[in-house]
Student: 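What follows is a single structure, and I will ask about it in a moment.
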There are 2 protein chains.
Amino acid sequence: MKCCLAARKTRVVYATLRHADAVMKTSYPLPRIPVCKRFHLLEIKGDISVPDIRDVAQRAGCSIATVSRALNSPRQVRPQTLARVQAAVAELKFRPNAIGRQLRGERTGLIGVMLPTLGNPVFADCIEGIEAALGGTGQRLVLVTTRYDPERERNAIETLLQQRVDGLLLTLADAESNPLLDDLAAERVPFQLLYNDAQIRPAVSVDNRLAAADGVKMLIDAGHRDIAMISGALHASDRAKRRYLGYCDAMTMAGLSPRPALEIDFNAGARAAHVREALAQRTDAAWCPTALFCSNDLLALGVMRALRESGLRIPDDMSILGFDGLAFGELLSPTLATVSQPSVDIGRHAALRLLDQIAGRTDGGRALILPHAVRMGGTVKCRARAGAGVTPDYVA
Amino acid sequence: MKCCLAARKTRVVYATLRHADAVMKTSYPLPRIPVCKRFHLLEIKGDISVPDIRDVAQRAGCSIATVSRALNSPRQVRPQTLARVQAAVAELKFRPNAIGRQLRGERTGLIGVMLPTLGNPVFADCIEGIEAALGGTGQRLVLVTTRYDPERERNAIETLLQQRVDGLLLTLADAESNPLLDDLAAERVPFQLLYNDAQIRPAVSVDNRLAAADGVKMLIDAGHRDIAMISGALHASDRAKRRYLGYCDAMTMAGLSPRPALEIDFNAGARAAHVREALAQRTDAAWCPTALFCSNDLLALGVMRALRESGLRIPDDMSILGFDGLAFGELLSPTLATVSQPSVDIGRHAALRLLDQIAGRTDGGRALILPHAVRMGGTVKCRARAGAGVTPDYVA
DNA sequence: ATGAAAGCGCTAACAT
DNA sequence: ATGTTAGCGCTTTCAT
């Protein structure tokens, strides 16, 4: 084995020396410098290249099997041997190669996370929750963002599966009609959706429809009658769709007429312009809302800015309700009224469920609906009317 | 080869069937179900387990080398053969195993990203920039957060290196005294720092000291004389330290006395309480600032909230200057004055530099300093005094 | 308690 | 243009 080892080393060393021809012939085949030997390669004195388990074994005077055991189940090896191995590991600065382990083992310890963007703090918070749950488990996160682009979603999932992640945590633009999920289910890939509330899927979310309805009901209770909803492209987001349904529910329930949603292309940069355009539509019509339900907080912020630029005051000329519960909303003045969802918990629970699923303890389950909360705020004006009865208390 | 293939399949199938003893004996060794065979395992009809390159080869009637070539350099194979391989790939839903490739190849296509937290939008923005730069290159992100904890930093780097990432993008709590960086450099691991401006390192950042000085100078120009700086634990963050130096520079330059920084433990949850405590210190002293320079925007927001809870008005009773340039700051009223740094660009440039470095086109270089900008805002009151001369225009 | 060896999926050198 | 084969680093089975 010793000579074999030496040969291996020799090859690698010469490989670094610009593939010196004479030496290349001496061994077969001569691969390109492999990933595991990338660092240190040009130091020709003493120990060369990144040490592997065989180097450790040689140094400790035992077999690679023993080294492996010393690393993974130390109690299986004699204390004396263990000490020698540990010494060798330290001296060589041996760093176990996760790739070798992953190729051999039944798990990679990788979790694929796919989100639309990190520009929305909702998703950043969610990752914090995921990391918190993964905490000590030693799982690593592979992160991809998709910008709500179905094409990118498909590619990203494919990439993550090629990387053999143990499971996926994902937010799709639209989970309802998405064949990708059937594929994942058919392939038995453990996954949990985040935010998408497709009931039949393993998912962690709020009940978007109900939450939106609760929010709009709050507006109605505050005396508003003409309420419009504004959202990103409805067809592209199942959450927007559900929230729109919730808006309709609340309006209908109160005997009011829901209006078509004002759609704003989220991905287009010129947000303020689009908002003004949508508002122009509104102005043209005979109908004039006193309150705007925005399908998410980021949109609400953009809308508020656009309204102010148009000279409208909030909430006097227009009340605003968002959705998400961004912490920043509370720092605004007036504070942003919003329907808040527990982003950190969504991430945390999804990660925990995924771990259970990966471990085979569950099959992933169905949708887990977490509680939402309507957060009153200064962006909503109470058009106090005696007729409406008791004003309910909303959760802060 | 055919029988060999069959044997392999058989083994795997039976392995899923709870390690049926009689069959276990027939082949050697019988590994645990490897990672690549995790999905589909329990379907006993038809094709079983995840296909590998040999399955494709068999189906296409060629060798695995040909399949590999068809996948990686299609023009090297005869169109007819290529078609057969592609058909086989499609029929079997073959998904190349990145782990095998990584083990064999000289690169993993993995980029390790280590950041303190995603709770601060600065870092989320930075990731957006990184992703934008990585765009089409097919590199994947492995993400770890450290909560400014040196212990976690060490572990995270070790984990990422075990995963054989091609390079690292990282923000350290304190890069200056950090031996980890020497280790990385010694091991020839390509890396770029984000935000840390340790000049001798490969890093992308603003000049924190100068930027802070510019910000404080703005305060001085606005007529403030008693200016305090408030920050997270100074010893834990090189940026906070440099920004404090910048504060001192500007004060001294104007003939004013810099004060010791009011330190607030960032990681401790009870932020408002800590702020009040720090302010109490201030009140006890004879000295009373009219302006507060906060070492980052998130801190500024917390401070503002605490001040308001204490009944102080901003900017009338106290002016506030932040650092970071969070987009949210512009939505507040009053808008947050801040020293903005180009987070997205920091991420983008660092990623680009890292790619060059990985490709061997550069050695990583030294610090790249990007331009900062002082953003005036409503949180700063102009104590207009005729004596100060011309009021400069600050970049919006 | 330890060692020998097979093989995870893939790529590339060499041979044909 | 295609096939054969070694081997990347590791874990685990079986044998000792």
Side-chain angles (χ1 to χ4, degrees), chain A residues 1 4 7-8 11-12 15 19 24-25 27-38 49-57 60-73 75-82 85 94-106 108 162 164, chain B residues 1 4 7-8 11-12 15 19 24-25 27-38 49-57 60-73 75-82 85 94-106 108 162 164:
Chain A
M1 191 181 87
C4 168
R8 191 171 54 87
R11 240 186 304 121
V12 173
H19 295 260
M24 278 181 70
K25 298 291 182 188
S27 68
Y28 164 90
L30 175 55
R32 308 235 303 269
I33 306 157
V35 65
C36 41
K37 299 294 177 190
R38 257 180 303 124
S49 87
V50 172
D52 64 16
I53 200 174
R54 278 181 296 220
D55 299 301
V56 177
C62 64
S63 72
I64 62 170
T66 300
V67 175
S68 178
R69 280 187 287 254
L71 260 32
N72 301 309
S73 36
R75 308 140 42 102
Q76 275 187 52
V77 330
R78 201 156 39 114
Q80 191 181 339
T81 317
L82 181 58
V85 171
F94 170 65
R95 182 150 40 219
N97 185 327
I99 300 177
R101 192 182 304 219
Q102 287 162 1
L103 187 56
R104 189 56 167 67
E106 42 183 332
T108 57
Q162 289 190 6
R164 295 325 195 243
Chain B
M1 191 182 86
C4 167
R8 192 172 54 86
R11 240 187 304 121
V12 173
H19 296 258
M24 280 180 69
K25 299 291 181 188
S27 67
Y28 166 87
L30 175 56
R32 307 238 301 271
I33 306 158
V35 66
C36 42
K37 301 292 178 191
R38 256 181 303 125
S49 86
V50 172
D52 64 17
I53 201 175
R54 277 181 296 222
D55 299 302
V56 177
C62 64
S63 74
I64 62 169
T66 300
V67 174
S68 179
R69 280 187 287 255
L71 260 31
N72 300 311
S73 36
R75 308 139 41 103
Q76 275 187 52
V77 330
R78 200 156 41 111
Q80 191 181 340
T81 318
L82 181 59
V85 171
F94 169 66
R95 182 148 38 219
N97 187 327
I99 300 176
R101 195 180 301 219
Q102 286 162 0
L103 187 56
R104 190 55 168 68
E106 41 182 335
T108 58
Q162 289 191 5
R164 290 334 191 238

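Naming convention: chains lettered A, B, ... in sequence-line order (proteins, then strands); numbering from 1 in each chain.
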Student: Please state whether the phosphate of C:dG9, meaning OP1 or OP2, lies under 4.0 angstrom from any side-chain nitrogen or oxygen of B:R104.
Tutor: no
Student: Between D:dG9 and A:R95, is there an OP1 or OP2 to side-chain N/O distance shorter than 4.0 Å?
Tutor: no
Student: To the nearest Å, give me how far apart CD1 (A:I99) and C1' (D:dG9) are.
Tutor: 9 Å
Student: Taking all atoms of both residues into account, what is the closest heavy-atom pair of B:R164 and B:T108, and its distance?
Tutor: O-OG1, 2.7 Å
Student: For D:dT11, take OP1 and OP2 only and decide whether either is under 4.0 Å from a side-chain N or O of A:R101.
Tutor: yes
Student: Please report the distance, rounded to the nearest Å, between CD in B:Q102 and C1' in D:dC8.
Tutor: 12 Å
Student: Looking at C:dG3, does its base get a donor-acceptor pair with the side chain of A:R69 below 3.5 Å?
Tutor: yes
Student: Strictly below 4.0 Å: does B:S68 bring a side-chain N or O up to OP1 or OP2 of C:dT11?
Tutor: yes
Student: Among C:dG9, C:dT2, D:dG3, which is the nearest nucleotide to the side chain of A:S63?
Tutor: C:dT2
Student: Judged by each residue's nearest nucleotide on DNA chain C, which is more toward the 5′ side, A:P79 or B:A98?
Tutor: A:P79
Student: Could you report the tightest heavy-atom contact between B:P96 and B:R101, atom names first, then the distance?
Tutor: CB-NH2, 3.4 Å
Student: Name every donor-acceptor pair, under 3.5 Å, that has one atom in a side chain of residues 64-71 of chain A and the other anywhere in the protein, sequence neighbours excluded.
Tutor:
unit_1 : atom_1 : unit_2 : atom_2 : d
A:T66  : OG1    : A:S63  : OG     : 3.3
A:S68  : OG     : A:N72  : ND2    : 3.4

Student: From the options C:dT2, D:dC10, C:dT11, select the nucleotide whose nearest atom is closest to the side chain of A:I64.
Tutor: D:dC10
Student: Contact class for A:T66 vs. all strands (heavy atom < 4.0 Å): base, sugar-phosphate, or nothing?
Tutor: sugar-phosphate
Student: Taking only the side-chain nitrogens and oxygens of A:R164, find out if one of them lies under 4.0 Å from OP1 or OP2 of C:dC8.
Tutor: no
Student: How bent is the helix from C:dA1-D:dT16 to C:dT16-D:dA1, measuring the angle between the end axes built from five pairs each, rounded to 10°?
Tutor: 40°
Student: If you only use heavy atoms from C-beta on, which nucleotide in C:dG9, C:dA4, C:dA1 is closest to the side chain of B:D52?
Tutor: C:dG9
Student: Given C:dG3, D:dT2, D:dG3, identify the nucleotide with an atom nearest to the side chain of B:V77.
Tutor: D:dT2
Student: In whole angstroms, how far is the P atom of C:dA6 from the CZ atom of A:R54?
Tutor: 14 Å
Student: Taking atom P of C:dG9 as reference, at what distance in whole Å does atom CG of B:N72 sit?
Tutor: 17 Å
Student: Please report the distance, rounded to the nearest Å, between CD in A:E106 and P in D:dC10.
Tutor: 18 Å
Student: Think B:N97 has a side-chain N or O under 4.0 angstrom from the OP1 or OP2 of C:dC8?
Tutor: no
Student: Please report the closest heavy-atom contact between A:F94 and A:I53, naming both atoms and the distance.
Tutor: CE1-N, 3.6 Å
Student: Looking at every heavy atom in both B:C62 and B:V85, which two are closest together, and how far apart are they?
Tutor: SG-CG2, 4.0 Å
Student: Let me know, please, whether B:R75 or A:P96 comes out on the 5' side of the other along DNA chain D by nearest nucleotide.
Tutor: B:R75
Student: Taking CG from A:L103 and P from D:dC8, how many angstroms apart are they, rounded to a whole number?
Tutor: 13 Å
Student: To the closest 0.5 Å, what do you measure between CZ (A:R104) and CG (A:N97)?
Tutor: 14.5 Å
Student: Taking only the side-chain heavy atoms of B:A65 (C-beta and beyond), determine which of C:dG3, C:dA12, D:dG9 contains the nearest atom.
Tutor: C:dA12
